[in-house]
Number of protein chains: 2
Amino acid sequence: MRRDVFQAIADPTRRAIITLIALQAMTPNALAEHFDTSRQAVSKHLKILTECELVEQTHQGREIYYQLNVNKMKEVDKWLEQFRKIWEKRFNQLDNVLANLKNKK
Amino acid sequence: MRRDVFQAIADPTRRAIITLIALQAMTPNALAEHFDTSRQAVSKHLKILTECELVEQTHQGREIYYQLNVNKMKEVDKWLEQFRKIWEKRFNQLDNVLANLKNKK
DNA sequence: TATATGTGCAACCTTTTGGTTGCGCAAGTT
DNA sequence: AACTTGCGCAACCAAAAGGTTGCACATATA
C-alpha cells in the first residue's frame, strides 16, 4: 500500500515511536511498554511506518527489530525548504532595517 | 479548539493550500478554483489551518484574505532537528571513511 | 429597496483512523 | 513433546476526517 510520510507523522504516538527508534532499533514489545496501548496497536503503527518506508525491519530469531530510515525524513525537510526560504528572506529584510537604523544614527 | 500542526499538514489539499498562500494572501473562493472540491470544503480546511495557527485572516470588506503564518511552520522544523543531527553524524562518518581511504592510498 | 456575491456554519453521509480482542504460528525453552 | 514467548493478522467498533448540500447573513451593487 502506498503511504504518505506526512500522514504517517500526523499521529503523536507514531512520532514518539519514531523518536524512540531513531536512537536504537527496538522490538514491538519493547516499544509497547512506552505507551498506554496494546502491543497490537503499536504493531499497527509500525506497519504504517513501514509501508511509507520511514521504518525498516531486522529479523533476529523470533524478534523483529524496527529501526528508523532517517533518509525518508528528508522528504519532510524538502517540503519545508520553501518556507525556510521565506524565513531567511524575512530575516534579511529585518537585517536591512536594522542596518538602515544604524546608518541613520 | 486545540489543533496539531502535524495533523494539519497531513492532508495533501491542505499542504497545497499552504503552498499557495505562502506566496500571497488569498480568499476562499480564489483558493477553491485550484481544487476539485467545493468552496465549503476549502473553507473547512482553512478553518483547521486557522485553528492550529498556521494561517491568519485579514478581513477586507466582505472578502477574507488568508495568509500563511510561516513562523508556525518552525514547529515542524524543530521536530526535524533531531533527525538532522543524525544525517550530519552519518555524513561526518562517511567523511571519515573517505579520509581514511585517502590516507591509505 | 431588491438583487447578487462572499463567506461561515450546520446537518448529513461515507471512508478512514486508531483502538480493541481473539487467534494462529514460528521460534525458543522445559 | 509440551509449554512459553514474540509477533502479525483478521474481525470488530467508536470516533474522526473529509466531502456534500442547504442555509443564514453580512456586504456590495442595480
Side-chain angles (χ1 to χ4, degrees), chain A residues 1-21 24-69 72 76 79, chain B residues 1-21 24-69 72 76 79:
Chain A
M1 193 197 298
R2 201 80 205 101
R3 285 274 186 180
D4 186 14
V5 184
F6 290 92
Q7 191 267 337
I9 64 170
D11 184 83
T13 305
R14 280 199 290 271
R15 283 202 302 281
I17 290 176
I18 289 172
T19 298
L20 280 170
I21 62 174
Q24 59 175 343
M26 293 177 77
T27 65
N29 263 325
L31 276 169
E33 286 176 11
H34 289 79
F35 303 100
D36 195 26
T37 58
S38 66
R39 176 189 58 79
Q40 286 91 332
V42 171
S43 225
K44 266 195 176 183
H45 285 306
L46 286 171
K47 194 183 178 191
I48 290 168
L49 291 171
T50 305
E51 277 168 0
C52 74
E53 296 174 316
L54 262 174
V55 153
E56 287 161 354
Q57 306 177 358
T58 308
H59 291 256
Q60 196 165 324
R62 66 181 163 186
E63 293 184 328
I64 304 178
Y65 284 86
Y66 287 86
Q67 71 221 43
L68 181 63
N69 172 20
K72 193 68 179 181
V76 182
W79 186 72
Chain B
M1 194 197 296
R2 202 80 202 100
R3 285 272 186 180
D4 189 24
V5 183
F6 291 91
Q7 190 267 338
I9 64 170
D11 184 83
T13 304
R14 281 200 289 272
R15 284 202 302 281
I17 289 177
I18 289 172
T19 298
L20 280 171
I21 63 173
Q24 59 174 344
M26 291 177 78
T27 65
N29 263 327
L31 276 168
E33 285 175 13
H34 289 79
F35 303 100
D36 196 25
T37 58
S38 66
R39 176 190 59 78
Q40 284 92 333
V42 172
S43 223
K44 265 193 178 183
H45 286 306
L46 287 170
K47 193 183 178 187
I48 290 168
L49 292 171
T50 306
E51 278 168 0
C52 76
E53 297 175 317
L54 263 174
V55 154
E56 289 160 353
Q57 307 177 358
T58 308
H59 291 256
Q60 195 166 326
R62 66 182 163 185
E63 293 184 326
I64 303 178
Y65 284 86
Y66 287 86
Q67 71 219 43
L68 181 65
N69 173 19
K72 192 69 178 182
V76 182
W79 186 71

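So you know, we letter chains A, B, ... as the sequences are listed, proteins then strands, and number each from 1.
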Only distances under 3.5 Å count here; give the side-chain donor-acceptor pairs of residues 9-16 of chain A to other protein atoms, sequence neighbours excluded, each with its distance to 0.1 Å.
unit_1, atom_1, unit_2, atom_2, d
Asp11(A), OD2, Thr13(A), N, 2.9
Asp11(A), OD2, Arg14(A), N, 3.1
Arg14(A), NE, Ala8(A), O, 2.7
Arg14(A), NH1, His45(A), ND1, 3.1
Arg14(A), NH2, Gln7(A), O, 3.4
Arg15(A), NH1, Ile9(A), O, 2.7
Arg15(A), NH1, Ala10(A), O, 3.0
Arg15(A), NH1, Asp4(B), OD2, 3.4
Arg15(A), NH2, Asp4(B), OD2, 3.2

Between N or O atoms, less than 3.5 Å apart, protein on one side and nucleotides 11-17 of chain D on the other: list the pairs.
unit_1, atom_1, unit_2, atom_2, d
dA17(D), OP1, Gln7(B), NE2, 3.2

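- For the salt bridge (Lys or Arg N to Asp or Glu O under 4.0 Å) test, no residue two or more places apart in sequence or in another chain qualifies with Lys44(B).
- Of the side-chain N and O atoms in Ser38(A), none sit less than 4.0 angstrom from OP1 or OP2 of dG19(C).
- To the nearest 0.5 Å, the span separating OG1 on Thr27(B) from CG on Leu46(B) amounts to 9.5 Å.
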Under 4.0 Å protein heavy-atom contact, by nucleotide of nucleotides 1-9 of chain C - B base, S sugar-phosphate only:
---BBSBBB
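- Residues satisfying the side chain to side chain contact (heavy atoms under 4.5 Å, CB included) criterion with Ile64(B), sequence neighbours excluded, are Gln57(B), His59(B), Tyr66(B).
- Using modelled atom types and a 3.5 Å distance limit, the side chains of Glu63(B) and Tyr65(B) yield a donor-acceptor pair.
- Between the side chains of Gln67(A) and Thr58(A), at least one donor N or O lies within less than 3.5 Å of an accepting N or O.
- Within the 4.5 Å cutoff, the side chain of Leu54(A) has heavy atoms near those of the Leu49(A) side chain.
- Taking atom CZ of Phe35(A) as the reference point, atom P of dG19(C) lies 10 Å away to the nearest angstrom.
- Rounded to whole Å, the distance from NE2 on His45(B) to P on dT20(D) is 9 Å.
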Listed pairs under 3.5 Å, donor-acceptor, residues 28-37 of chain A side chains, sequence neighbours left out:
unit_1, atom_1, unit_2, atom_2, d
His34(A), ND1, Ala30(A), O, 3.1

